[in-house]
Amino acid sequence: MDDGVKRIIQDPLIPEMFHRVEKLEQFLHLARTRTYAKGTIILAQGMEFDEIIYVQQGCLAVSMGADDGHQKFLFHIGEGSIGLSTFLGEYHEIQIHAVKNSTVSFFKVEQILTIFREDEKVIFDILQNLLTKVYYFMGQARDLNFYRPSSRVFRLLYNLCINEGEQVGDHYEINFSLTQKTIGEITGTHYVTVCKLFQMLDRQGIVKKGKDKMVVYDLERLKSLINEIIEY
DNA sequence: GCATTAAGGATAT
DNA sequence: ATATCCTTAATGC
């Protein structure tokens, strides 16, 4: 095996940075390409689907419907990433909609096979993309079983700080911010609960969340909060 | 401990 | 100007 196919699976902290398959960029002429306005539903529940989605620009969200009409957010498909490499019949409950204005390409099976023949490394890229998703959702399954909602939120913040945080003096800065709403979606906790938790963190000076920056003032305290019972 | 609902205020586009 | 996000309180499991 040459180095081109030797890779490491790293766990994505948030479900939108799965392995990119940018090699598909060279094969866009084989695909059907469309643009979607923000909010458009690309794949509705129960719609047959046998293509691979590649997002050139923008961002899509994949969610799964529940009996009561609720949609459980699953993951984002960002630029350079792919979606639904599995082929759905008409009895699935997946929905995909555009989060931003997006241009996305659709590859049919035969086209994908052609690409595989021309550049077999694309196979590994697609496998890698799928495996990071599988690994991510294995982690989700564990978290939902073993941690309470408050723990899941704190764990996410802690991991973000460890992995993306930049130490500045005595504190850490995370140079992007998630909305409380998306933190709720990712961790499976209600957004009102997320709000209360951030209030607590703010009041105790542990974490302050800004518009496009989060700073962690007390990483050890944040870590210990993961295993504490929170009073609301 | 947390979800849910509702309702009003705050920001983003 | 309108949609989206955040806050707060009340209630229920």
Side-chain angles (χ1 to χ4, degrees), chain A residues 13-17 34-45 55-79 93 95-104 137 139-161 164-165 171-218 220-232:
Chain A
L13 296 167
I14 50 179
E16 57 187 47
M17 271 129 56
R34 278 203 53 181
T35 68
Y36 295 93
K38 177 182 177 181
T40 315
I41 292 181
I42 291 155
L43 174 67
Q45 198 159 324
V55 176
Q56 289 186 49
Q57 286 167 34
C59 183
L60 311 183
V62 181
S63 57
M64 197 164 202
D67 294 335
D68 56 7
H70 284 91
Q71 288 285 330
K72 165 61 183 160
F73 166 78
L74 296 175
F75 62 95
H76 283 134
I77 311 177
E79 293 179 8
E93 295 169 322
Q95 188 191 91
I96 303 181
H97 71 271
V99 177
K100 307 175 186 170
N101 292 338
S102 305
T103 101
V104 2
F137 284 106
Q140 285 277 100
R142 175 201 55 192
D143 291 353
L144 289 170
N145 274 285
F146 293 153
Y147 297 91
R148 287 168 293 104
S150 65
S151 304
R152 297 198 295 266
V153 173
F154 292 147
R155 260 169 53 86
L156 175 65
L157 292 177
Y158 179 75
N159 287 330
L160 280 177
C161 187
E164 313 280 339
H171 60 275
Y172 295 86
E173 298 190 352
I174 303 167
N175 291 310
F176 64 92
S177 193
L178 305 166
T179 66
Q180 294 183 181
K181 184 172 175 287
T182 63
I183 290 176
E185 287 175 341
I186 291 171
T187 59
T189 106
H190 198 92
Y191 66 97
V192 175
T193 303
V194 176
C195 177
K196 289 172 182 166
L197 293 173
F198 268 104
Q199 272 178 208
M200 197 212 78
L201 292 174
D202 187 274
R203 275 201 283 266
Q204 299 192 21
I206 302 168
V207 177
K208 305 259 183 199
K209 184 173 117 51
K211 181 175 116 58
D212 36 29
K213 179 197 262 193
M214 291 187 289
V215 333
V216 179
Y217 293 98
D218 194 343
E220 283 310 304
R221 184 84 188 93
L222 177 60
K223 186 180 181 182
S224 67
L225 276 177
I226 295 172
N227 296 309
E228 288 182 23
I229 307 290
I230 309 303
E231 302 285 339
Y232 284 90

Q) Taking for each residue the nucleotide of DNA chain B bearing the nearest heavy atom, is the 5' side occupied by A:I230 or by A:K211? A)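 Closer to the 5' end of DNA chain B: A:I230.
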Pick the closest DNA chain B nucleotide for A:H70 and for A:I229 by heavy atoms, then say which residue is nearer the 5' end.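 The 5'-side residue here is A:I229.
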- Which of residues 171-186 of chain A sit near DNA chain C, with a heavy atom under 4.0 Å from it?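 Heavy-atom cutoff 4.0 Å gives A:T179, A:Q180, A:K181.
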For this session: Using the test ring pair (Phe, Tyr, Trp, His ring centres under 6.0 Å), find all partners of A:Y217 that sit at least two apart in sequence or belong to another chain.
Result: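 Result, ring pair (Phe, Tyr, Trp, His ring centres under 6.0 Å) vs A:Y217: A:H171.
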What distance do [X] atom [atom1] and [Y] atom [atom2] have between them, rounded to the nearest 0.5 Å?
| X | Y | atom1 | atom2 | value |
| --- | --- | --- | --- | --- |
| A:T182 | A:F73 | OG1 | CZ | 8.0 Å |
| A:S63 | A:I41 | OG | CD1 | 8.5 Å |
| A:E164 | A:I14 | CD | CD1 | 7.5 Å |
| A:R155 | A:I226 | CZ | CD1 | 6.5 Å |

Can you tell if the side chain of [X] reaches within under 4.5 Å of the side chain of [Y], non-hydrogen atoms only?
| X | Y | answer |
| --- | --- | --- |
| A:P15 | A:I186 | yes |
| A:I77 | A:V104 | no |
| A:F154 | A:I230 | yes |

How close or far is atom [atom2] of [N] from atom [atom1] of [X], stated in whole angstroms?
| X | N | atom1 | atom2 | answer |
| --- | --- | --- | --- | --- |
| A:E231 | B:dC2 | CD | C1' | 12 Å |
| A:F73 | C:dT4 | CZ | P | 16 Å |
| A:F154 | B:dG1 | CZ | P | 12 Å |
| A:Y147 | B:dG1 | OH | P | 19 Å |
| A:M214 | C:dC6 | CE | P | 12 Å |
| A:M200 | B:dC2 | CE | P | 11 Å |
| A:L225 | B:dG1 | CG | C1' | 15 Å |
| A:K209 | B:dT11 | NZ | C1' | 12 Å |

- Task: Give the stems involving DNA chain C, where a stem is 3 or more consecutive Watson-Crick or G-U wobble pairs (i with j, i+1 with j-1, and so on) under 3.5 Å.
- Result: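 The stems that DNA chain C takes part in, listed by first number, are B:1-12 with C:2-13.
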Measuring to OP1 and OP2 of [N], would you say a side-chain N or O of [X] lies under 4.0 angstrom away?
| X | N | value |
| --- | --- | --- |
| A:T193 | B:dA3 | yes |
| A:H190 | B:dT4 | yes |
| A:Q199 | C:dT8 | yes |
| A:S150 | B:dG1 | no |

| query | Between B:dC2, C:dT7, B:dG1, which nucleotide gets closest to the side-chain atoms of A:Y191? | reply |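 The answer is C:dT7.
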* Asked: For A:F137 and A:L74, what are the C-alpha separation, side-chain angles and deciding distance, and is it a side-chain contact (heavy atoms from CB on, under 4.5 Å)?
  -> CA-CA 9 Å; A:F137 284 106; A:L74 296 175; 4.1 Å; yes
Using a 3.5 Å distance criterion without hydrogens, assess whether the side chain of A:K208 forms a donor-acceptor pair with backbone atoms of A:D202.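 Yes; judged by distance alone, with no hydrogens or angles, the pair exists.
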